[in-house]
Every structure is written in C-alpha cells, then in structure tokens.
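Numbered from 1 within each chain, the chains take letters A, B, ... in sequence-line order.
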Amino acid sequence: MSDTNMITETDLNAYVDGELDPAKRAAVEAYLADNPAESERVAAWRDQTATLRALYGHVADEAVPSRLSPHRLVIERRHRMMRSVTAIAAALVLVVLGGVSGWVGRGLTTPNLTEATLVSEAEAAHALYAPEVLHPVEVSGQDGAHLTKWLSKRLDRTLAIPDLSSAGFSLVGGRLLPAATSAAALLMYENRDGSRVTLYIVPKAGAETAMRFSSGGGLTAVSWQAETLGCVLVGNLPRETLLGLAKASYGSLDSASAI
Amino acid sequence: MSSFLDDIETLVPALRRYARALTRNTDQADDLVQDCLERAITKQSLWRPIGPLRPWLFKIMINLYRNDRRRQRNSPEQETLDVLPFEPATPATQGARLALAETAAALQRLPAEQREALLLVALEGMSYAEAASALDIPQGTLMSRIGRAREALRTMVDGTGPRLRSVK
C-alpha cells in the first residue's frame with residue numbers, strides 16, 4: 001500500500017518497457033487499478049509503441065540490398081586499397097618530377113617557408129584526410145614499427161611517433177605528403193567518439209618557439225618549432241584539449257631528437 | 001574477422017529499420033547504414049569492440065546521423081520525406097491511416113535526442129542498459145528522455161484526437 005503511493009512517472013515508463021522486477025511490477029499494477037487516468041496514459045504509451053512498430057517494423061523484414069552486405073563491403077574495400085596503391089605510385093612519380101624541376105629551377109625563387117605556410121598546409125591535409133572513412137592513412141597504426149622507420153627515413157629525422165592513448169586518442173596511422181620544400185609526415189589519431197586530430201611534421205631547422213594557436217574554417221591548429229622539426233596539430237576540438245595533445249606530442253618528439 | 005562480419009550481418013535489418021525511422025527516407029537510411037558498416041569494419045581493426053556488438057553499431061550510426069544533420073543544417077537543400085513510410089499491407093481505414101501518419105509526423109517534431117532514445121527502446125526493443133550505452137548517456141538521462149518523448153507524442157497526437165474520434 002505504501003509502495004503504490006510512491007509510483008513515479010519513471011516507474012510507469014519502466015513498467016511499459018518491462019524493466020521492473022516482479023514486486024515493483026505488482027505495485028504498479030495495483031496503482032494503475034486505482035487510477036484510471038494514469039492507466040489511460042499507460043495505455044496511450046503502449047499504443048505509441050504499437051504504432052511505431054506498425055510504421056517501421058516491416059523494414060527489418062525487407063530483403064537487404066546487396067550493397068549492405070558486410071562481406072561485400074570488405075571485398076570492395078580491398079579493391080579500393082589496391083587502386084590507391086597504384087594512385088600513390090603515380091603520385092610519387094609526380095613528386096620526383098616536381099623535385100627535379102624544382103632543382104632545375106633553383107635560384108629562380110627563394111623558398112620562404114613561413115609558419116603560416118606550414119599551418120595552412122597542415123590544415124589542408126587535415127581537411128582532406130580526416131573525413132576519410134575508408135583509407136585515411138597509408139600505413140595503419142598497427143604497423144607502428146614500420147611506420148616509424150619509413151617516415152623517419154623519408155623525413156631524414158629520428159621520429160618517435162607520439163603515444164596519445166593516455167589522452168584517449170589512438171593512432172590511426174600515417175602518410176607521407178609533399179610539402180613546400182620537403183616531404184611531410186601526417187599522423188592521424190582518433191578517440192572513441194571518432195573525433196580525429198592530425199599531427200603534421202616537416203623537417204625544418206630553427207630556434208624553438210612557443211606553441212601558437214590559429215583557427216579558421218572550424219579547425220584549430222597548434223603549431224610549434226622543435227629543434228629540427230616544424231609541427232602542427234590540427235583538430236576540431238577545444239583549445240585546451242588540443243594544447244594538452246600538443247604538449248604530449250612535443251614531449252615525445254623532442255625526446256626522440258635527443259637520442 | 002569473418003565471424004565478426006557474420007555477427008554484423010545479423011544486425012543489418014535492425015539498423016535499416018532504425019535508420020528508416022530516423023530519416024524517413026529509404027535511400028538516406030541505407031546510405032547511413034552503409035557508412036556505419038564501413039566505419040565499423042575499419043574501426044574493428046583498431047579496436048575490437050569490448051562490449052556487445054549491437055549498442056556499439058547503433059552508437060556509430062547515431063554519431064554519423066548527427067554529423068549528417070549538422071551538415072544538412074548548413075546547406076539549404078531539403079531531402080524529400082516519405083509521407084507514409086509504406087503502403088499498409090492490409091487496407092486500413094482512413095482513420096487508422098491518419099493515426100499512423102500523424103504519429104510519424106509527431107515523431108519528427110520531437111527533439112532529436114528524444115526521438116533517438118524512444119526509437120531504441122520502443123522500436124528496437126533495447127533494454128535501458130543497451131540503449132543508454134548506444135547513446136553514451138547515463139540510464140537516468142535515457143529514462144527522462146523517453147518519458148518526455150512519450151508525453152510530447154501523446155499531447156501532439158491527442159491534440160487532434162477528439163476530432164478523429166468524432167468522425168468515427
């Protein structure tokens with residue numbers, strides 16, 4: 001009796017959804033027997049459920065289109081990866097050609113790699129690759145040792161790929177990109193919500209600088225110059241989060257250059 | 001990997017049902033399911049889902065849906081909605097058809113977070129624990145969203161109820 005006085009709206013919802021233990025369920029049923037208005041409300045909720053199922057329940061009985069077969073999606077994904085290997089090879093040819101023509105044309109222009117150039121390159125790389133569902137990176141983060149060796153070789157620096165897992169970000173992987181005067185490495189991290197940040201790294205000597213923020217186009221970038229590397233971290237996240245990630249990256253990249 | 005794919009495959013019909021109810025558009029719903037499956041397949045190599053698969057897949061799909069909505073809000077183009085999601089198999093009376101259409105319309109007027117929560121429990125038959133995990137919210141928050149959704153739907157549909165009844 002005392003129980004039925006304490007029936008809340010939450011209990012009534014849980015009753016409709018079958019979430020109550022037998023004792024509570026009995027108490028709710030007794031309460032409903034005494035309260036026709038409440039009983040009508042519960043009946044209306046049950047009707048809603050029935051109506052929603054009448055509206056959409058049949059969808060689960062439809063034949064599933066073949067494009068939604070997980071097995072088929074995996075096969076298609078493999079094919080696309082094969083094609084992208086070909087595309088990467090073609091891109092490398094262009095990079096080499098570009099390098100040759102750059103050498104031939106040296107002296108005609110003075111490369112002026114300002115920090116602004118670096119940040120805009122990093123933002124462009126982020127905007128291009130972060131939304132990629134199928135192949136955001138060339139080398140997966142699972143292949144960590146290979147990724148480190150490959151990028152270190154191409155950037156001619158000893159890179160230690162920062163581990164940001166304590167901040168909830170795991171390494172998706174990395175790729176190599178052409179930058180204004182050299183190659184650049186792009187590392188991508190992702191948290192459980194699917195938010196991605198990218199760390200853009202170019203070999204670049206210069207005096208160490210403080211971390212600087214810039215924002216634009218919905219993205220925030222934190223850039224800094226380490227001993228032999230220019231680094232930009234880009235993401236669509238609050239500044240404090242990015243700064244924390246940047247500091248963690250700085251610590252681990254810096255310890256590598258000391259080796 | 002292949003048993004993982006088999007497990008996912010058994011959940012595709014439910015994902016399509018939920019996506020259809022969220023978007024009210026067959027093509028848009030199937031695009032959403034496809035994106036979700038591709039994400040799940042890619043993510044699987046990074047993180048094996050620790051918990052049960054169903055809430056994990058629904059969580060991925062709901063996040064993609066929210067991203068799509070955010071993008072659509074920025075572009076003026078409107079997707080066409082199916083007025084009634086199907087032709088009822090049994091010829092329904094005009095009154096019953098109206099009630100269905102009315103509920104479908106009222107559902108779309110709910111705040112998105114209430115619609116997402118109610119459909120997981122009422123349409124998909126998820127337990128509160130599963131639905132809370134799919135939405136990444138505490139169970140208490142889930143329960144209050146469901147309670148508010150039901151009352152809002154009742155008010156919207158009941159508002160014209162007396163008229164319908166008098167026709168009958």
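- When heavy atoms are compared at a cutoff of 4.5 Å, A:Ala50 does not approach chain B at all.
- Contact count against chain B (heavy-atom pairs under 4.5 Å) is highest for A:Pro65 among A:Gly194, A:Gly173, A:Pro65.
- There is no contact between A:Asp61 and chain B, counting heavy-atom distances below 4.5 Å.
- Atom CD1 of residue B:Ile41 and atom CD of residue A:Glu76 lie 9.5 Å apart, to the nearest 0.5 angstrom.
- Using a 4.5 Å cut-off between heavy atoms, B:Ile60 makes no contact with chain A at all.
- Counting only heavy atoms from C-beta outward, the side chains of A:Thr51 and B:Val157 never approach each other to under 4.5 Å.
- Smallest separation of non-hydrogen atoms from A:Leu52 and B:Ala122: CD1-CB, 4.0 Å.
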Set out, in order, the CA-CA distance, both residues' side-chain angles and the distance that settles salt bridge (Lys or Arg N to Asp or Glu O under 4.0 Å) for A:Asp193 and B:Lys59, then state yes or no. CA-CA 9 Å; A:Asp193 300 330; B:Lys59 186 195 290 192; over 6 Å; no

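- Rounded to the nearest 0.5 Å, atoms CD (A:Glu9) and CZ (B:Arg148) are 10.5 Å apart.
- A salt bridge does not link B:Arg17 to A:Glu62: none of the charged nitrogens lies less than 4.0 Å from a carboxylate oxygen.
- Residue A:Arg41 places its CZ atom among more than 12 non-hydrogen atoms of other residues, nucleotides or ligands, all under 6.0 Å distant.
- Note that the CG atom of B:Asp30 and the CG atom of A:Leu68 stand 5.0 Å from one another [nearest 0.5 Å].
- With a 4.5 angstrom heavy-atom cutoff, B:Leu118 touches chain A only via side-chain atoms.
- Of the atoms belonging to B:Leu107, it is side-chain heavy atoms, and not backbone ones, that fall under 4.5 Å from chain A.
- Between B:Glu38 and A:Arg77, the closest side-chain pair of non-hydrogen atoms is not below 4.5 Å.
- What you find for A:Ala60 and B:Pro13 is that their closest heavy atoms are O-CB, 3.5 Å.
- Between the B:Glu9 side chain and the A:Ser69 main chain, no donor and acceptor come within less than 3.5 Å of each other.
- Between B:Asp6 and A:His71, the shortest heavy-atom contact is OD1-NE2, 2.7 Å.
- Between B:Thr42 and A:His135, the closest side-chain pair of non-hydrogen atoms is not below 4.5 Å.
- Distance check, rounded to the nearest 0.5 Å: CZ of B:Arg24 to CG of A:Leu55 gives 8.5 Å.
- Heavy atoms only, all atoms of each residue included: B:Tyr128 and A:Glu19 are closest at N-OE2, 2.8 Å.
- Residue B:Asp136 touches chain A through its side chain alone, counting heavy-atom pairs closer than 4.5 Å.
- Among B:Glu151, B:Arg150, B:Glu124, B:Arg16, the residue with the largest count of heavy-atom pairs under 4.5 Å with chain A is B:Arg150.
- There is a side-chain donor-acceptor pair under 3.5 Å between B:Gln34 and A:Arg67.
- Across all their heavy atoms, B:Arg154 and A:Ala44 have their closest contact at CD-CB, 3.5 Å.
- In this structure, the separation between CH2 on A:Trp45 and CG on B:Leu153 is 11.5 Å, given to the nearest 0.5 Å.
- Under the 4.5 Å side-chain criterion, counting only non-hydrogen atoms from C-beta, B:Met143 is not in contact with A:Asn13.
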